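One structure is given here, and the rest of the page talks about it.
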Amino acid sequence: MSNFSRVNNEAQYNAYKADWDRAYKRLLKRFLRTHDTFDGSAIAAWMRKRGLADPVHHNIWGTQVQKYAKQGLFYRIGDRKPTGASHLNFVGYWKKR
């Protein structure tokens with residue numbers, strides 16, 4: 001799902017994305033307190049239940065997982081069928097550091 005329809009210009013797009021990124025990071029810290037292993041679709045489902053709107057493009061859910069994995073918060077331990085909504089048959093399975 002996309003939220004491109006919610007923004008009218010580049011400034012609104014950048015502001016929406018920056019706000020969304022901050023909210024994602026705040027929620028990710030909470031998520032990691034209670035989840036040792038997880039797949040990316042579980043993160044998105046958990047955050048949506050806590051009120052996080054969809055990002056400006058649905059692929060950002062997956063890129064956020066990659067971003068924070070590169071920062072060392074968690075690492076990939078394999079692949080699995082998604083536990084939440086996903087257009088993929090298999091998604092990365094992660095373990096918290």
Side-chain angles (χ1 to χ4, degrees):
M1 187 181 302
S2 173
N3 276 329
F4 282 125
S5 62
R6 293 185 184 188
V7 295
N8 297 319
N9 58 49
E10 188 174 350
Q12 281 185 335
Y13 171 87
N14 290 335
Y16 182 88
K17 184 166 182 338
D19 290 344
W20 191 90
D21 284 341
R22 280 190 292 278
Y24 182 99
K25 186 174 184 176
R26 181 177 28 78
L27 286 170
L28 181 62
K29 288 177 183 179
R30 286 179 49 202
F31 177 86
L32 292 174
R33 284 186 218 139
T34 58
H35 295 79
D36 291 325
T37 58
F38 51 89
D39 64 71
S41 68
I43 296 173
W46 187 91
M47 289 185 178
R48 283 179 174 132
K49 284 182 182 176
R50 280 144 186 88
L52 185 63
D54 284 319
V56 292
H57 191 276
H58 67 271
N59 286 346
I60 292 176
W61 287 115
T63 59
Q64 289 292 96
V65 173
Q66 297 293 328
K67 172 183 172 179
Y68 289 104
K70 286 180 183 176
Q71 291 181 14
L73 294 179
F74 40 84
Y75 61 97
R76 190 180 194 115
I77 55 176
D79 294 313
R80 68 183 288 172
K81 290 187 178 193
T83 57
S86 177
H87 63 283
L88 303 170
N89 292 330
F90 289 92
V91 293
Y93 192 53
W94 305 88
K95 182 166 179 65
K96 177 175 65 172
R97 290 199 186 266

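All values below were derived from every heavy atom in this structure, side-chain atoms included, with hydrogens, water molecules and symmetry-related copies excluded. Only a predicted model underlies this, so the values are computations on that prediction, with no experimental measurement involved.
Counting heavy atoms from C-beta outward, Arg50 and Leu27 have side chains that approach closer than 4.5 Å. Using a 4.5 Å heavy-atom cutoff, the side chains of Thr37 and Trp94 are not in contact. At a threshold of 4.5 Å between non-hydrogen side-chain atoms, the residues Lys95 and Phe38 do not count as touching. For the pair Lys81/Asp39, no side-chain contact is recorded, criterion being any heavy-atom separation below 4.5 Å from C-beta on.
Within a 6.0 Å radius of CD in Glu10, no more than 12 heavy atoms belonging to other residues, nucleotides or ligands are found.
Remark: Lys96 engages Asp36 in a side chain to side chain donor-acceptor pair (under 3.5 Å) (not counting sequence neighbours).
Across Phe74 and Val65, no two heavy atoms sit closer than the pair CE1-O, 3.4 Å. Of all non-hydrogen atoms in Asp79 and Phe90, the two that sit nearest each other are CB-CB, 4.5 Å. The heavy-atom pair separating Leu28 from Met47 by the smallest distance is N-CE, 3.4 Å.
With hydrogens and angles disregarded, a donor-acceptor distance shorter than 3.5 Å links the side chain of His57 to the backbone of Asn59. The backbone N or O of Ala53 sits less than 3.5 Å from a side-chain atom of Trp20, completing a donor-acceptor pair.
The list of side chain to side chain donor-acceptor pair (under 3.5 Å) pairs with a residue in residues 21-32, not counting sequence neighbours, reads Lys17-Asp21, Asp19-Arg22.
Members clustered with Tyr93: Tyr75, Ile77, by chain and number, using a 4.5 Å side-chain heavy-atom cutoff among hydrophobic residues.
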